[in-house]
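Remember, it's 1-based here, ligands and their atoms both numbered in the order they're listed. Here, residue 1 is the first one in the sequence, and each next residue gets the next number. Hydrogens, waters and symmetry mates are skipped; everything else that's a heavy atom, side chains included, is used.
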Amino acid sequence: MSDGRALAREFLEQQKLLGGESVILPDGPAPGLRPGSVTSPSSVVELTPGASPGKPEGLPPVGLSYDPPTSDLFSTDPVPQAPSLAAIAQLVAKCTKCRLCEARRHAVPGEGADDARLVVVGEGPGRVEDETGRPFVGPAGELLTKILAAIELPRERVFICNVVKCRPPENRVPQYDEIAACVPYLFRQIELVKPAVILAMGGTAAQTLLNTKQSLGALRNQVHRLRGIPVIVTYHPAALLRNPNWKKPTWDDVRIARRFID
Ligand code: URA
Ligand code: SF4
């Protein structure tokens, strides 16, 4: 393949990933060459990374799938049976299931539309979130609000929450047992909202939602599933504030998530 064609193919692939038109380029010699001189067994290559039958065109390849247990009929645990997001918020406000309850000023259950098409999941409340009881309202939150506005999703139309609902001291990464104690709230919230897509921001959210230890880098650029709901993994906005080079890839990820919404 000539350099020009290779470049064109790469460009079109990128465009398609970002939501451009579906384009099919014959995988053979450039037009004008004699037909029959092609040795490649497939004469047409669809410009879709990881394309497979039944999958919307232009999306990244299929990734992991995780189905955490749901409430069983005989359980007396109120969390998986909470009837509403408000009921979850009440349980979270008085929760003492892990040590993070000790230093919190406010628990931060999450907020947004209870029929949101997009659920955004971060790691845990920071200082401003702990002070206000609201998710993503500090500097990282301001950036998240801008990212959402850019895909024409006002914050109010999204449900925004975190893996752990109480602030870890000094904003350290939540520990495994803290996540294990808190994650039933998150799974119930997702079950109640029934979004069309979930955006996992940062490694903690991605690894928790997909029950994996794989790195963020390995998990990006695939369409994972949580109980059948697509999960798109991207950088955490706080990481973007430290490393603006990640803005472009984050942009790409968010636009992929956007495609599941309409
Ligand atoms: N970072 C998070 O992960 N969540 C917040 O709510 C705020 C900052
Ligand atoms: Fe409860 Fe979660 Fe807060 Fe721990 S972090 S006390 S499990 S609400």
Side-chain angles (χ1 to χ4, degrees), residues 68 77-82 85-113 116 118-148 155-156 158-193 198-210 216 219 231-243 246-247 250 253-254 257:
D77 182 350
V79 179
Q81 304 186 18
L85 294 174
I88 291 281
Q90 279 175 12
L91 292 169
V92 164
K94 56 179 204 295
C95 178
T96 55
K97 286 187 187 184
C98 83
R99 65 183 81 76
L100 296 181
C101 68
E102 290 162 18
R104 76 175 171 221
R105 291 178 61 182
H106 294 99
V108 183
E111 69 181 24
L118 172 67
V119 168
V120 174
V121 181
E123 180 173 287
R127 186 179 56 80
V128 189
E129 290 78 17
D130 178 61
E131 281 167 7
T132 58
R134 297 184 56 206
F136 279 103
V137 289
E142 281 170 26
L143 182 53
L144 174 61
T145 305
K146 282 186 198 154
I147 292 171
L148 293 175
R155 249 185 96 107
E156 312 73 63
V158 174
F159 188 76
I160 303 174
C161 60
N162 286 296
V163 169
V164 294
K165 313 301 192 193
C166 306
R167 181 191 185 198
E170 313 300 324
N171 296 345
R172 65 160 170 74
V173 176
Q175 291 169 5
Y176 183 82
D177 59 331
E178 296 159 354
I179 293 174
C182 209
V183 79
Y185 295 117
L186 175 63
F187 287 145
R188 183 59 180 155
Q189 287 173 317
I190 291 170
E191 204 174 22
L192 287 164
V193 175
I198 299 168
L199 184 64
M201 301 201 96
T204 301
Q207 289 162 356
T208 303
L209 288 168
L210 300 169
L216 180 97
L219 293 168
V231 177
I232 304 296
V233 171
T234 196
Y235 297 98
H236 192 285
L240 295 186
L241 291 173
R242 292 191 297 269
N243 191 340
W246 289 337
K247 280 194 181 172
T250 303
D253 298 335
V254 168

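Counting the atoms of ligand 2 from 1 in the order shown, those under 4.0 Å from a heavy atom of Cys95 are 1 (Fe), 6 (S), 7 (S), 8 (S). For ligand 1 and Gly122, the ligand atoms under 4.0 Å from any heavy atom of the residue are 3 (O). Remark: ligand 1 atoms within the under-4.0 Å shell around heavy atoms of Pro135 are 6 (O). Every atom of ligand 1 is numbered from 1 in the order shown, and the set under 4.0 Å from a heavy atom of His236 is 1 (N), 2 (C), 3 (O).
Ala200 approaches Val231 most closely through the heavy-atom pair CB-CG1, 4.2 Å.
With a heavy-atom cut-off of 4.0 Å, Met201 does not touch ligand 1 at all. The side chain of Glu129, and not its backbone, has at least one atom closer than 4.0 Å to an atom of ligand 1 (non-hydrogen atoms only; side chain from C-beta on). Residue Arg104 touches ligand 2 through its side chain alone, judged by heavy-atom distances below 4.0 Å.
Between Leu148 and Ile160 the shortest side-chain heavy-atom distance falls below 4.5 Å.
Of the options Cys182, Pro184, Cys95, a side chain to side chain contact (heavy atoms under 4.5 Å, CB included) to Val79 is made by Pro184 and by none of the others. When each of Leu216, Thr234, Asp253 is paired with Met201, the side chain to side chain contact (heavy atoms under 4.5 Å, CB included) condition holds for Thr234 and for no other.
At a 3.5 angstrom cut-off on N or O pairs, Phe136 counts as close to ligand 1.
No donor-acceptor pair closer than 3.5 Å links the side chain of Gln189 to the backbone N or O of Leu85. At distances below 3.5 Å, not a single donor-acceptor pair connects side-chain atoms of Arg188 with backbone N or O atoms of Ile88.
In this structure, OG1 on Thr250 lies 8.5 Å from CG on Leu143, to the nearest 0.5 angstrom. Here CD1 of Ile198 is found 8.0 Å from CG of Leu186. Values are rounded to the nearest 0.5 Å.
When distances to atom 4 (Fe) of ligand 2 are checked against a cut-off of 2.8 Å, Cys182 contributes no N, O or S atom below that limit.
For the residues Cys166, Ala181, Ala180, the heavy atom positioned nearest atom 3 (Fe) of ligand 2 is part of Cys166.
Of the protein's heavy atoms, Cys98 SG, 2.3 Å lies nearest to atom 4 (Fe) of ligand 2. Atom 2 (C) of ligand 1 has Gly124 O, 3.1 Å as its closest protein atom, hydrogens excluded (heavy atom only). Nearest protein heavy-atom contact of atom 4 (N) of ligand 1 is Asn162 OD1, 2.7 Å.
Between Lys146 and Glu142 there is no salt bridge, since none of the side-chain N atoms of the basic residue sits less than 4.0 Å from a carboxylate O of the acidic one.
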